[in-house]
2 protein chains.
Amino acid sequence: MVAEHTVKAFDEDITRLRGLVAEMGGLAELSVTEAMDALVNGNEELAASVITRDKRIDQLEAEVDRLAIRVLALRAPMADDLREVITALKIAGVIERIGDYAKNIAKRVGHIEGRKRFEPLTLLPAMNELAADMVHDVLTAFAARDPSAAAEIVQRDAKVDAFYDSVFRNFVSYMVENPATISSVAQLMFVARNIERIGDQATNIAEMVYYAATGLNLPEREDVPAPKV
Amino acid sequence: MVAEHTVKAFDEDITRLRGLVAEMGGLAELSVTEAMDALVNGNEELAASVITRDKRIDQLEAEVDRLAIRVLALRAPMADDLREVITALKIAGVIERIGDYAKNIAKRVGHIEGRKRFEPLTLLPAMNELAADMVHDVLTAFAARDPSAAAEIVQRDAKVDAFYDSVFRNFVSYMVENPATISSVAQLMFVARNIERIGDQATNIAEMVYYAATGLNLPEREDVPAPKV
C-alpha cells in the first residue's frame, strides 16, 4: 500500500510538472504570435502585454524548478521517471528563452517607422508563422510524448534558417537603397534574428521530447552558416 | 562505515561535476576572447578553432547532464547537496549558450570588410573585454562559492548594456554616412548584440552562484530597454 501510495504521489507530481511546462509553453506561443501582431500594427498596448507576460513565464519557470527539486528530493525517481523530471526542467529553461525572444520583438514596437506600409516589415509575418507553428507543434508533441512528431519538427528548422538568410540579404539591399530607413531596418534585423532563434529553440525542445520519449538522441544537425551577404 | 562511504562517493561526484562545469567555463571564456581576436585580425584559422571548440563545449554539457542524472539517481541528495547538483546542471546550460554566442561571433569573420582599419570594428574589443571579464570573474566566483563576488558581477551588466546602446547608435550613423559598408556593419551589429548577450549570461550564472551559496535570490534586475535610435 505504501509503495502504491508513493507511485500515485509521484504520478501526481509529474502531472503537475508537465502541466506547468505546458502552461509556460502556451504563454510563450501566444507571445510569439502577439509580438508580431503588435509590431505589424504598431500596437504598443499589445506589446506591453507581451512584455508583462514574460514575467509570468519567468515565475512559472521558477515554479517548475522548485517542484522538480522537490520531486527529486522526496521521491528520488529512477530511470525513465528521472529522465522525465530532468527533461521538464530543461524544457522549461528553453521555453523561458522563447519568451525572452518574443519580449525582445515586442520591445522594438515604437522604434519602427511606417508600419504596415513599410516594405521590410512585410517580410516578417510569414517567417514568424513558421517559427510559431514549430513552437505550437513541439508543445503538442511534448504533451503527447510523440517522438516522431518531434523528429519532424527538427527538420523544419532549415526552412526558418533559409528564410532568415533571404530576409537578411533583402534588408541590406533595402538599407543601401533607402539610407533614411537604416535605423528602422536595423531594428527589424534583430527581429528576424529573434524569430530565427525561436525556431532554434523549438528544435531544441523537439530534441528533448525525442530523448525523453525514447532515451535516444536524434542525429546531430548541421550548424547553420552565417548569412552570406 | 556505509554512510561515510556514501558521503565520500557523493563528494567525489560533486567535485567531478564542478570540475566539468569549470572546464566548460574555461573553454567558453577562451572562445569569447579568441572570437574577438579572430574578428579584429581577420584570422579565419582562429575563428575555425573557436567554432570547433563549441562542439567540445556541447559534449561537456552532455557529460554534465549525464553525471548529474547519475548522482541524482544513485545518491538522492537532499537540501544543499541537491541545490548544488541542480545549479551545476543549470550553469552548464548557460555556459553552453555563451559558447554559442562566441561561435556566432567567430562565424562573422570573413564577412567583414576592412579589418583593423574599419572604424566600427574598433568599438567592439573594449566592449568584449567587459563581457569576457564578467565571464572570467563569475567562473572564479563559482569555483570559490563566493556570493558577494557574484552580487558584484550582476551590477556590471548595466555597463555592457550602456556600451551596447552607444555602439548601436554609432553603427546606425556610420551606415547612414557610408552606405557601401552597410552589410559589414550589419554583421558587426550582430556581434555587438552577441557580446551584450554574453554579459547577460554571465549575470545569469552570477545569480545562480549566489542562489547556490545562500539559498536566496538576488533582487530582480530591471529589464534593459531596447536601444533608442
Side-chain angles (χ1 to χ4, degrees), chain A residues 51 54-55 58 62 65 68-70 72-79 81-83 85-86 89-90 93-94 97 100 103-111 168-169 171-187 189-190 193 197 200 217 220 223-229, chain B residues 51 54-55 58 62 65 68-70 72-79 81-83 85-86 89-90 93-94 97 100 103-111 168-169 171-187 189-190 193 197 200 217 220 223-229:
Chain A
I51 293 165
D54 191 54
K55 286 198 199 304
D58 290 352
D65 285 3
I69 288 176
R70 206 169 64 88
L72 293 169
L74 294 183
R75 321 267 178 233
M78 308 286 285
D81 291 338
L82 178 59
R83 202 166 66 211
V85 174
I86 296 292
L89 193 73
K90 293 186 74 109
V94 179
R97 287 173 74 171
D100 272 0
K103 180 180 72 175
N104 288 343
I105 293 172
K107 282 183 175 174
R108 309 282 167 187
V109 176
H111 300 286
F168 186 91
R169 279 191 297 269
F171 282 4
V172 169
S173 306
Y174 193 88
M175 287 193 279
V176 171
E177 287 159 25
N178 307 278
T181 66
I182 284 175
S183 84
S184 287
V185 182
Q187 296 285 353
M189 276 192 167
F190 286 113
R193 178 72 181 163
R197 297 296 289 158
D200 282 352
N217 289 313
E220 194 162 357
D223 280 329
V224 185
K228 282 163 205 71
V229 289
Chain B
I51 293 165
D54 190 56
K55 285 197 198 306
D58 291 351
D65 286 2
I69 289 176
R70 205 169 63 88
L72 293 169
L74 293 183
R75 321 267 178 234
M78 307 287 283
D81 291 340
L82 177 59
R83 202 166 65 211
V85 175
I86 297 293
L89 193 73
K90 292 187 74 111
V94 180
R97 285 172 74 171
D100 272 1
K103 181 180 69 174
N104 287 344
I105 294 172
K107 282 182 176 175
R108 309 283 167 185
V109 177
H111 300 286
F168 187 89
R169 279 191 297 269
F171 282 5
V172 169
S173 306
Y174 193 88
M175 287 194 279
V176 171
E177 287 158 26
N178 306 276
T181 66
I182 284 176
S183 85
S184 286
V185 182
Q187 297 285 352
M189 277 193 166
F190 286 113
R193 178 74 182 163
R197 298 296 289 157
D200 282 352
N217 289 312
E220 194 163 356
D223 280 329
V224 185
K228 283 162 205 70
V229 290

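Values reported hereafter were calculated over all heavy atoms of this structure, with side chains retained and with hydrogens, waters and symmetry mates removed. What you see is a predicted model; the values in this text were computed from it and never measured. By convention in this document, chain letters (A, B, ...) are assigned in the order of the sequence lines, proteins followed by strands, and residues within each chain are numbered from 1.
With a 4.5 angstrom heavy-atom cutoff, B:L82 touches chain A only via side-chain atoms. Of the two parts of A:D65, only the side chain, counted from C-beta on, holds a non-hydrogen atom closer than 4.5 Å to a non-hydrogen atom of chain B.
A 4.5 Å side-chain heavy-atom check between A:I86 and B:L89 finds at least one atom pair inside the cut-off. Between A:R193 and B:N104, the closest side-chain pair of non-hydrogen atoms falls below 4.5 Å.
Across all their heavy atoms, A:V172 and B:S183 have their closest contact at CG1-CB, 3.6 Å.
Here the CE-CE distance, from A:M175 to B:M175, works out to 5.0 Å after rounding to the nearest 0.5 Å.
Evaluation of the side-chain contact (heavy atoms from CB on, under 4.5 Å) rule for B:R83 yields B:D80, B:T87, B:Y211 as partners, not counting sequence neighbours.
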